[in-house]
Amino acid sequence: MPVSNVNIARLFNRLADLLEIDGANPFRVRAYRNAAQTIRSHSRSMGEMVAQEEDLSELPGIGKEIAAKIKTIVEHGRLPQLERIETRVPAELSDMMQIEGLGPKRVKVLYRDLKIRSIEDLRRAAQTHRIRDLPGFGEKTEKTILRRVQTWTGQAPRTLLAEAEDIAEPMLRYLKDCKGVKRVIIAGSYRRRKETIGDLDILATAKTGSDVVQRFTRYEDVGEVVSSGKTRSTVHLKSGLQVDLRVVPDASYGAALHYFTGSKSHNIALRTMAQKRKMKINEYGVYKSNKKIAGRTETDIYKLFGLAYIDPELRENRGEIEAARDKRLPKLVSVKDIRGDLHMHTTATDGRNSLRDMAEAAAQRGYEYIAITDHSRHLTVANGLDAKRLMKQVEAIDRLNGELRNITILTAIELDILERGTLDLPDSVLKELDLTICSIHSSFRLSRKKQTERVLRAMDNPYFNIFAHPTGRLINKREAYDIDLERVVAGAKERGCYLEVNAEPERLDLNDDACRMAKHMGVKVAISTDAHSVSSLDHMRFGVDQARRGWLEASDVINTRPLNTLRRLFKRI
DNA sequence: GCCGTTTTCGGCCCGACTGTTTTCAGTCG
């Protein structure tokens, strides 16, 4: 199996860690980290690019040397330079840097003076008070290290965006209620609408002397106050989620919001532009020879560099700055562009609400149409529909359509794609429906080739319209099945099929990069909720967020079309 | 190690907080 971009990025990050501990040139270290970031977020696999002999050094932050190293990793699965340094610097030291408060310098001292090389060694040394006497350490640091090591769970978990909203909203209200506070907003990856967030970044503007930081540290859900100063503070909530608060004067709102929204690489790119113009950007404003020339709004800042306003979802240094300069930024799709939801379940299979409930709830949300897509017979655990039950549902939908004034229900089904690439119901049944969505619910472990061909074969069926949750991943729970998404997208293009952006918070499948790839290859998507209850219809916004991160415009999304146009899109024969 | 409408050499984002120091290094975002 080819090495994934994520795994290549991990190797470079590990190399960067070990080089840093070894005291290498910090800029060289950063170069490896930048390259790792580029590789991780690149929409095409390094493996394929190497196979097609493309020039990797054209990617940002990747030059001749790193390009050659990527090639070696792809072809041999190894990075010899990493293996060489591991003979001098134990690889586990890289894990120790995951402990908050431990960076390369301290890890180096711990290893050099006490031969500590694992988190377990670290715990024992802290318990037996051997750390406090090391140079640059003390009693307090030792206690902090012990506490962090004891609560260490391995991988730092990332919180689903939807869960983060539930935590953030009440906290926001609590902080707004503070005297002297003017504005409070959540910045960081939350504002960029990433599918998961590592921490919450809250920005407040307040008069000097406001006690907003104190109020923040006294929030009832705070488990530990990590730091707390005049203008910033970090806490851990009882759940373990880290929350950072930064306070700036209101006149710096735009600069601070921009700064704390990131991403880091977007900010660095912009700051480099500033440097070339002999200007300086920080969280308080843009400065030219110590004179503040912008900072009240984000728009002002972009304007200063000849750039159009860049939506937060695009700020990943993936070409948005160039696009803003050349006035070719996309006008991103928004929730109000969505005219209907094309994936939902009812009590006929595994949904919690009836057909009528779902239709009425959708109408209340202002939709013009919905598609009812209960499961097909193969999915027995969900009580999937056979031909007879499906036809009964179609009749029920016809009756309801006769009754409901303000919404049209499309007859549809979520069809299982069987292992050999056949669809779970015969064409004679499918031809009676307005559309189908097709998906994989079994045989996740097929080889990449077999899985890909399974889907392409299924798409050969002229009643195949939308490929639902195309990679099958469940965030933090289940990896995507191994599939060549590029071939699938190309296959959809040839055959007139569409891909779904599933808005369920733990699916968000297609993800942002894949959305972008689909757009580049000329394939349109449907953004749908996969709702199993009335309340889940509100997840639409998370799907839209993901599509926005993938640069999609309303014209890239089929369920922004009026009903008549939409119906035509599903006629393949 | 990467990069280039100042450059193929000499730069590389920048400020806050903590703890250990006694003026600052290390870490973080």
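Here is how names work: the chains are called A, B, and so on, in the same order as the sequence lines, proteins then strands, and each is numbered from 1. What you see is a predicted model, and the numbers here were worked out from it, not measured in a lab. Hydrogens, waters and symmetry mates play no part in the numbers below; they use all other heavy atoms, side chains included.
Protein atom CG of A/N13 is 16 Å distant from nucleotide atom P of B/dG1, rounded to whole Å. In this structure, CG of A/L110 is placed 13 Å from C1' of B/dG26, rounded to the nearest angstrom. Following rounding to the nearest Å, A/L19 (CG) and B/dC2 (P) show an atom-to-atom distance of 13 Å. The CZ-C1' distance, from A/R106 to B/dA25, rounds to 9 Å in whole Å. Atom CD of A/E100 is separated from atom P of B/dT18 by 12 Å (rounded to the nearest Å). As a whole-Å value, the separation of A/K108 NZ from B/dG26 P is 11 Å. Between the P atom of B/dT20 and the CZ atom of A/R132 lies a distance of 10 Å, rounded to the nearest Å. Rounded to an integer number of Å, the gap from A/I85 CD1 to B/dG1 P is 11 Å.
One P atom belongs to B/dT20, the other to B/dG26, and the distance between them is 14 Å to the nearest Å. Separating the P atom of B/dC2 from that of B/dT6 is a span of 23 Å, rounded to the nearest Å. B/dT22 sits 27 Å from B/dG15 when the P atoms are compared, rounded to a whole Å. Atom P of B/dC12 sits at a distance of 25 Å from the matching atom of B/dC17, rounded to the whole Å. Comparing the same atom, P, in B/dA16 and in B/dC9 gives a spacing of 37 Å after rounding to whole Å.
Every residue two or more places apart in sequence or in another chain was checked for a side-chain hydrogen bond (donor to acceptor under 3.5 Å, both in side chains) with A/D311, and none qualifies.
Contact annotation for A/K69: backbone-only contact, meaning every heavy-atom pair under 4.0 Å involves sugar-phosphate atoms and none involves a base. Looking at heavy-atom distances under 4.0 Å, A/D201 makes contact with sugar-phosphate atoms alone, never a base. Here A/P26 lies out of heavy-atom contact (under 4.0 Å) with every strand. Heavy atoms of A/R232 sit under 4.0 angstrom from at least one base atom. A/P104 comes within 4.0 angstrom of the backbone, heavy atoms only, and of no base. Across all strands, A/E139 comes closer than 4.0 Å only to sugar-phosphate atoms, never to a base (heavy-atom distances).
You'll find that the side chain of A/F27 is closest to B/dC12, out of B/dC12, B/dT20, B/dC17. For A/N25, taking side-chain heavy atoms from C-beta onward, the closest of the listed nucleotides B/dG15, B/dG1, B/dG29 is B/dG1. Residue A/R30 has its side chain nearest to B/dC12 when only B/dG15, B/dC12, B/dC17 are considered. When distances are taken from the side chain of A/K105 to each of B/dT20, B/dG1, B/dG26, the shortest belongs to B/dG26. Considering only the side chain of A/E65, B/dC2 comes nearest among B/dC2, B/dG29, B/dC17. Relative to the side chain of A/K140, the nucleotides B/dG19, B/dA16, B/dG1 differ in distance, and B/dG19 lies closest.
Using a cut-off of 4.0 Å between Lys/Arg side-chain N and Asp/Glu carboxylate O, A/R117 and A/E92 are scored as salt-bridged. Salt bridge status for A/D244 with A/R232: absent, with no side-chain N to carboxylate O gap under 4.0 Å. Ion pair A/K194/A/E316 not flagged as a salt bridge, since none of the NZ, NE, NH1 or NH2 atoms sits closer than 4.0 Å to an Asp/Glu carboxylate oxygen. Salt-bridge annotation for A/E313 and A/R193: absent, with no side-chain N of the basic residue lying under 4.0 Å from a carboxylate O of the acidic one.
Look at A/S228 and you won't find any side-chain N or O under 4.0 angstrom from OP1 or OP2 of B/dC17. For the pair A/N282 and B/dC14, the criterion of a side-chain N or O lying under 4.0 Å from OP1 or OP2 is not met. Residue A/Q242 places no side-chain N or O under 4.0 Å from the OP1 or OP2 atom of B/dC28. A close approach under 4.0 Å does not occur between any side-chain nitrogen or oxygen of A/K264 and OP1 or OP2 of B/dG29. Contact annotation: A/Y284 reaches the phosphate of B/dA16 (side-chain N/O to OP1 or OP2, under 4.0 Å). One finds a side-chain N or O of A/T141 lying less than 4.0 angstrom from the OP1 or OP2 phosphate oxygen of B/dT20.
Shortest non-hydrogen contact noted between A/I145 and A/F137 is CD1-CE2, 4.0 Å. The minimum heavy-atom distance linking A/N267 with A/Y259 is given by the pair ND2-O, 2.8 Å.
Relative to the six-membered ring of A/Y174, A/K176 misses at least one condition, a distance below 6.0 Å or an angle of at most 45° to the axis.
Both A/L134 and A/K280 lie near DNA chain B, and the one whose nearest nucleotide falls closer to the 5' end is A/K280. Taking for each of A/G138 and A/F260 the nucleotide of DNA chain B with the nearest heavy atom, the 5'-most of the two is the partner of A/G138.
For B/dG29, its base sits under 3.5 Å from the side chain of A/Y259 at one donor and acceptor pair at least.
When Watson-Crick and G-U wobble pairs are counted only if both distances are under 3.5 Å, B/dC2 pairs with B/dG11.
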